[in-house]
Amino acid sequence: MNKEILYKYFENRASLEERIKVREWVEAAPENKEKFSRERNIYNAILLSTDSISRTEYNFRRHHRMQLLRIAAIFIVLFSATVGIFYVTMADRMIPLYSLTVPSGNTNTLLLPDGTKVWLNAGTTIKYPSSFIGTKRNIEIEGEAYLEVAHNRWRPFTVNTPNGKVKVLGTKFYVTSTTKDKYFTVSLIEGSVNMASGEKSIILKPGYRAQFENGEFKQSVIHSLESELWKDGIYYFKNKSFNELMSGFEKCFGVKIIIDNNMENTQHYTGKFYRYNGIQHALRTLQYDFKFDYKWDKDSNTISITK
């Protein structure tokens, strides 16, 4: 398959004949699906490495050759995640649906087909189509994400989560929703959103955070975005027990932590650590206030903590 046609397909600039040609090629063999996925990830990485996100009149083929070194780090992160491709039928078109899960110890950034930027925290899964067809833009997210939604008054953007949905036209907001904890919260930075869960819904204004709990939405003024600092590579914790803190370390640093049952768990901690400083820096800092020893088995990526 001609790469130039593939990139036109990714940009939604391909003709009907070219789109049919791409779909038939993808369905022809499993290795074609793998190549399609690989080229799509390269396309996303190129966009993330480019200062301008304008995708009109842009020669991606030439840019691909020039940007290989610049996108290497992003490319590695993209492929370190768990990526899958599915297909959804919309009218007479087969639209590829991507699924990406960010592993522990990492964050990831995506540029969706409409120009929407998405930041994903560790352990977060996103599902999105290769192109938005029709009058709606729908994606699915489980975990923690920050979105800067491309404005389009004629095509509302909807984030579906395990515990509810967020509808917007163009805005910037954080969303957290997990199946395990039944947690659903949105922190709105700019614009306006509609939050809905079951039959309950609210309109959220900028500078406010809303959380759905006990069957109701509760709003509060955003005094700080400390709990959303993961986007900047910072793990923030407030009034956490030692066990809770270690659970957060597992997600932030991508390790398995085993705690001795004899460890006391009454003291609570508040603070923050930068992910790039590594887990050993965090553990050594905690040792000043809490006496413990640890051993890191790098072969199994497991840290054992004893009193």
Side-chain angles (χ1 to χ4, degrees), residues 41 44-51 53 67 69-83 100-112 116-126 128 141-149 159 161 171-178 181 183 185-190 209 222-240 242 244-257 269-289 294 296 298 301-303:
N41 283 320
N44 283 338
I46 291 173
L47 289 179
L48 295 175
S49 70
T50 306
D51 294 333
I53 64 171
Q67 295 293 331
L69 293 178
R70 291 182 59 194
I71 70 171
I74 300 172
F75 188 63
I76 291 172
V77 171
L78 283 170
F79 279 90
S80 70
T82 302
V83 180
L100 183 148
T101 299
V102 182
S104 297
N106 290 284
T107 58
N108 207 340
T109 310
L110 289 177
L111 189 65
L112 300 185
T116 292
K117 295 181 181 180
V118 185
W119 284 257
L120 304 168
N121 199 9
T124 299
T125 296
I126 182 173
Y128 63 98
I141 290 177
E142 179 176 355
E144 297 177 274
Y146 171 71
L147 296 91
E148 294 184 355
V149 178
V159 179
T161 80
T171 186
K172 300 178 181 180
F173 64 98
Y174 291 87
V175 58
T176 301
S177 182
T178 60
D181 301 321
Y183 191 74
T185 181
V186 169
S187 301
L188 184 58
I189 309 303
E190 182 181 297
R209 178 182 288 119
I222 298 176
H223 295 291
S224 72
L225 289 172
E226 292 175 325
S227 58
E228 286 85 6
L229 287 174
W230 59 263
K231 176 176 171 287
D232 301 311
I234 299 172
Y235 173 54
Y236 172 80
F237 49 97
K238 183 176 182 179
N239 198 33
K240 298 288 187 181
F242 188 80
E244 290 173 331
L245 190 54
M246 293 303 104
S247 178
F249 278 8
E250 288 185 323
K251 177 179 178 180
C252 178
F253 297 107
V255 298
K256 174 67 176 178
I257 299 178
Y269 303 84
T270 296
K272 59 185 177 183
F273 291 109
Y274 287 89
R275 179 182 282 114
Y276 66 78
N277 284 332
I279 190 169
Q280 292 200 82
H281 168 79
L283 291 173
R284 289 167 183 166
T285 301
L286 287 175
Q287 284 180 319
Y288 288 107
D289 298 318
Y294 71 90
W296 188 2
K298 294 188 177 181
N301 198 30
T302 301
I303 294 177

Practice item. Look at the rings of F253 and F249 and say which category their plane angle falls in: under 30° parallel, 30 to 60° tilted, over 60° perpendicular. Key: perpendicular
Just verifying a value: how many Å separate [X] [atom1] and [Y] [atom2], rounded to the nearest 0.5 Å?
X: L225; Y: S227; atom1: CG; atom2: OG; answer: 7.0 Å
X: L100; Y: N108; atom1: CG; atom2: CG; answer: 5.5 Å
X: K256; Y: I303; atom1: NZ; atom2: CD1; answer: 12.0 Å
X: N277; Y: Y235; atom1: CG; atom2: OH; answer: 15.5 Å
X: K172; Y: K117; atom1: NZ; atom2: NZ; answer: 8.5 Å
X: L283; Y: Y294; atom1: CG; atom2: OH; answer: 5.5 Å

Check your understanding: Can any side-chain N or O of E142 pair as donor or acceptor with the backbone N or O of T125 at less than 3.5 Å?
Key -> no
**Study point:** Donor-acceptor pair, side chain of S104 and main chain of A122, under 3.5 angstrom
**Key:** no
Shortest non-hydrogen contact from [X] to [Y]?
X: G254; Y: N301; result: O-ND2, 2.6 Å
X: T116; Y: V149; result: OG1-CA, 3.6 Å
X: A145; Y: L120; result: CB-CD2, 3.9 Å
X: L147; Y: V159; result: CD2-CG2, 3.9 Å
X: T185; Y: R209; result: OG1-CG, 3.6 Å
X: S187; Y: E228; result: OG-OE2, 2.9 Å

**Study point:** Trace of the side chain to side chain contact (heavy atoms under 4.5 Å, CB included) decision for T270 with Y236
**Key:** CA-CA 8 Å; T270 296; Y236 172 80; 4.2 Å; yes
Practice item. Check the pair E144 / V102 against side chain to side chain contact (heavy atoms under 4.5 Å, CB included), numbers first and verdict last. Key: CA-CA 10 Å; E144 297 177 274; V102 182; over 6 Å; no
Practice item. State which residues pass ring-ring contact (aromatic ring centres under 6.0 Å, His included) with Y146; sequence neighbours excluded, sorted by chain then number. Key: W119, Y174
Exercise for review: List for me each residue that meets side chain to side chain donor-acceptor pair (under 3.5 Å) alongside T176, sequence neighbours excluded, and say none if there are none.
Suggested key: none
Practice item. Return yes when atom NZ of K231 has more than 12 non-hydrogen atoms of other residues, nucleotides or ligands closer than 6.0 Å, and no otherwise. Key: yes
Point to revise | Member of F273, Y269, W230, F242 meeting the ring-ring contact (aromatic ring centres under 6.0 Å, His included) criterion with F237 | key: F273
**Study point:** F173 side chain near I189 side chain, heavy-atom distance below 4.5 Å
**Key:** no
